[in-house]
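Side chains included, hydrogens not; waters and symmetry mates left out as well; all remaining heavy atoms used.
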Amino acid sequence: MREHRGKSSTNVRSALRSLFRSLKRERCIFTDPAQAVTARQPQRLPRPLPLNQLRGVLDRLTDPRARLITALVAVHALGIEDLRALKLSHYDAACGTFAVERGGLPFTFVLDALVARLTAEWLRTRRERWPPQSECAPAHHPPHRA
């Protein structure tokens, strides 16, 4: 069952339970080993925020980092763990993509024009304020200077 995801795991579970139920009814077996089989339910992604509402939220934010994080969550459905794991090395400016890991598998998503612009804005602000060797992700705070 581990290699089956979503609808596939549900179908396999249903087929196994049906098979063993029939075998039990025919008295070929006495217990149903498929009763203990569970299927992982697919994770439902949040519905995207309509563009006019997103623009309204972004207009209220002044920090480029907050604007980028909001757009990544609203447009690309990134979660807290995705944001925490995000690094500059995951961003490919030439292709306009970010690479993240979801469910242990690599996942690359293409940035739309809005998120690409917000990423460039955040990187520009970051270069102006933070040391060049810093490997902070958009969700992290800048290092404090004494």
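- Taking each heavy atom of Ala66 and Leu61 in turn, the nearest pair found is O-CD1, 3.8 Å.
- The two residues Arg67 and Leu118 have their closest heavy-atom pair at NH2-CD2, 3.5 Å.
- In this structure, the separation between CG on Asp82 and NE2 on His90 is 10.5 Å, given to the nearest 0.5 Å.
- Looking at Asp63 and Thr125, their side chains never come closer than 4.5 Å, going by heavy atoms from C-beta outward.
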Start with the C-alpha gap between Phe98 and Val115, add the side-chain angles, then the distance that decides, and say whether side-chain contact (heavy atoms from CB on, under 4.5 Å) holds. CA-CA 11 Å; Phe98 259 116; Val115 179; 5.7 Å; no

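- Contact of the Tyr91 side chain with the Leu111 side chain is registered, since non-hydrogen atoms from C-beta on lie closer than 4.5 Å.
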Apply salt bridge (Lys or Arg N to Asp or Glu O under 4.0 Å) to the pair Arg84 and Glu81, showing each step before the final yes or no. CA-CA 5 Å; Arg84 283 185 180 151; Glu81 295 304 317; 3.3 Å; yes

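- By the criterion of side-chain heavy atoms lying less than 4.5 angstrom apart, applied directly or through intervening Ile, Leu, Val, Met, Phe, Trp or Tyr residues, Trp122 is not grouped with Val110; the two fall into different hydrophobic clusters.
- What you find for Ala99 and Leu86 is that their closest heavy atoms are O-CD1, 4.2 Å.
- Between Phe109 and His76, the ring center distance clears the sub-6.0 Å criterion.
- The side-chain hydrogen bond (donor to acceptor under 3.5 Å, both in side chains) check on Gln53 picks up nothing, with sequence neighbours excluded.
- Distance CG/Leu78 to CD1/Ile69: 10.0 Å, rounded to 0.5 Å.
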Does Thr70 form a side-chain contact (heavy atoms from CB on, under 4.5 Å) with Leu54? I'd like the steps, not just the answer. CA-CA 8 Å; Thr70 302; Leu54 177 59; 4.3 Å; yes

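- Looking at Arg55 and Leu114, their side chains come closer than 4.5 Å, going by heavy atoms from C-beta outward.
- Atom-to-atom distance recorded for Arg117:CZ and Leu58:CG is 8.0 Å, nearest 0.5 angstrom.
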